[in-house]
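Heads up, the thing below is written out as structure tokens.
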Amino acid sequence: MIPPLAFVTRLDVEEETIWLEILRRAMPDERILPFRDMTEEERRLAEIAIVANPDPADVAALSGLSWIHSLWAGVERLVLELGSTAPPIVRLVDPELSRVMGEAVLAWTYYLQRDMPAYRASQAEGRWAPREYRHPSEMSVGLLGLGALGMEAGRRLTEAGFRVQGWSRSPKALPDIVTLSGEEGLDSLLSTSDIIVCLLPLTTDTRGLLTVDRLMRMPQGASLINFARGAIIVADDLIRVLDRGHLDHAVLDVFEKEPLDQASPFWSHPRVTVLPHVSAPTTPSSAARIVAGNIATWRRTGALPQTVDRSRGY
Ligand code: NAP
């Protein structure tokens, strides 16, 4: 009999049960066991753990693990909590997740391009105040991050007629997107984008990346969308730049502490749209298919998809 798969989460029981059902349906030949139901022997035998916000002590108790599959795309917390000696981590790379994020980036870019925050404000004041139409081809959208999510967002934006430029750690060549890297590339992207969309992973290099100095390099009246992680932007600096009126609007889906603190000035700031981390939720059925495919390939060939590079942090 093949060793069981450990399912290790800190989800509430109801959510964990739903995930278990979906995972078991996607892998009918596997025996998937929630960590708390596993015997000592089963914990020793498990070679793979499927995890969602796991307790690191539970993962450490699985002494025979060869690798770990995360159900989420962002793994900064997992990498930090499991430490450098943990087995290789595979994160979720799911075309459906990229599609959902691409849709969100396009929707909220349109929200800014069509001046919806300004129209909402003028309606509240009973003011009839038409604004000049801005054609997408006259607007430059700067993507911070050109990974699984950034690439799909770039595709959707170029298809919609926006001018798109993207920034990544390693240089890239793409047909329809101006690509930039390094500090100079970041400067250039910030200073020439009408809308910046952040889709970077949170790492030691990206934490606190968007400081007041960098935000002030963006053109007067530009806007920002953060769909990645809150801590990439220095929150107080963003408030300062919005208060000065240098940036027009920020759409924020992610925050350093979630749920966002009641006392946060973001809630009531007229230049901020707060979203409760909803830009790209994982779709369980497609995520389970991806996880099942990766596990089947490993059982058959011993090959893993690309794993998280701990030195880079993503
Ligand atoms: P990914 O495929 O790993 O791509 C990351 C991109 O960021 C790559 O292009 C990478 O450059 C670039 N990058 C990383 N560090 C950099 C640095 N120091 N300087 C410049 N560029 C850097 O990640 P993904 O799947 O697109 O996901 C991105 C993030 O989105 C996740 O980490 C997660 O935090 C967030 N997310 C949010 C939601 C939500 O609902 N809000 C949902 C899913 C994911 P290279 O191409 O050179 O490697």
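Whatever order the structure lists them in is the order used to number ligands and atoms, beginning at 1.
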Does the N or O separation between [X] and ligand 1 drop below 3.5 Å for any pair?
{"X": "Thr206", "answer": "no"}
{"X": "Gly74", "answer": "no"}
{"X": "Leu149", "answer": "yes"}
{"X": "Trp167", "answer": "no"}
{"X": "Glu76", "answer": "no"}
{"X": "Gly147", "answer": "yes"}
{"X": "Leu200", "answer": "no"}
{"X": "Asp253", "answer": "yes"}
{"X": "Leu199", "answer": "no"}
{"X": "Thr203", "answer": "no"}

Problem - Tyr314, portion touching ligand 1 at heavy-atom distance under 4.0 Å - result: side chain
Completion exercise
Note: Arg169, heavy atoms under 4.0 Å from ligand 1, region reported as both
Exercise for the section: Using non-hydrogen atoms of the residue, decide whether Met101 is closer than 4.0 angstrom to ligand 1. Expected result: yes
Practice task
Could you establish whether Leu146 and ligand 1 come within less than 4.0 Å of each other, counting only heavy atoms on the residue side?
Solution key: yes
Assess whether a salt bridge exists between [X] and [Y], defined as any Lys/Arg side-chain N lying under 4.0 Å from an Asp/Glu carboxylate O.
{"X": "Glu138", "Y": "Arg134", "answer": "no"}
{"X": "Glu183", "Y": "Arg214", "answer": "yes"}
{"X": "Glu40", "Y": "Arg44", "answer": "no"}
{"X": "Arg31", "Y": "Glu42", "answer": "yes"}

Exercise for the section: May I ask which of Pro201, Ser168, Ser181 has a heavy atom nearer to atom 7 (O) of ligand 1 than the others do? Expected result: Pro201
Completion exercise
Looking only at non-hydrogen atoms, the one of Ala228, Pro171, Gly185 nearest atom 35 (C) of ligand 1 is Ala228
Exercise for the section: Heavy-atom contacts with Val254 under 4.0 Å: which atoms of ligand 1 show up? List them by number with element. Expected result: 41 (N)
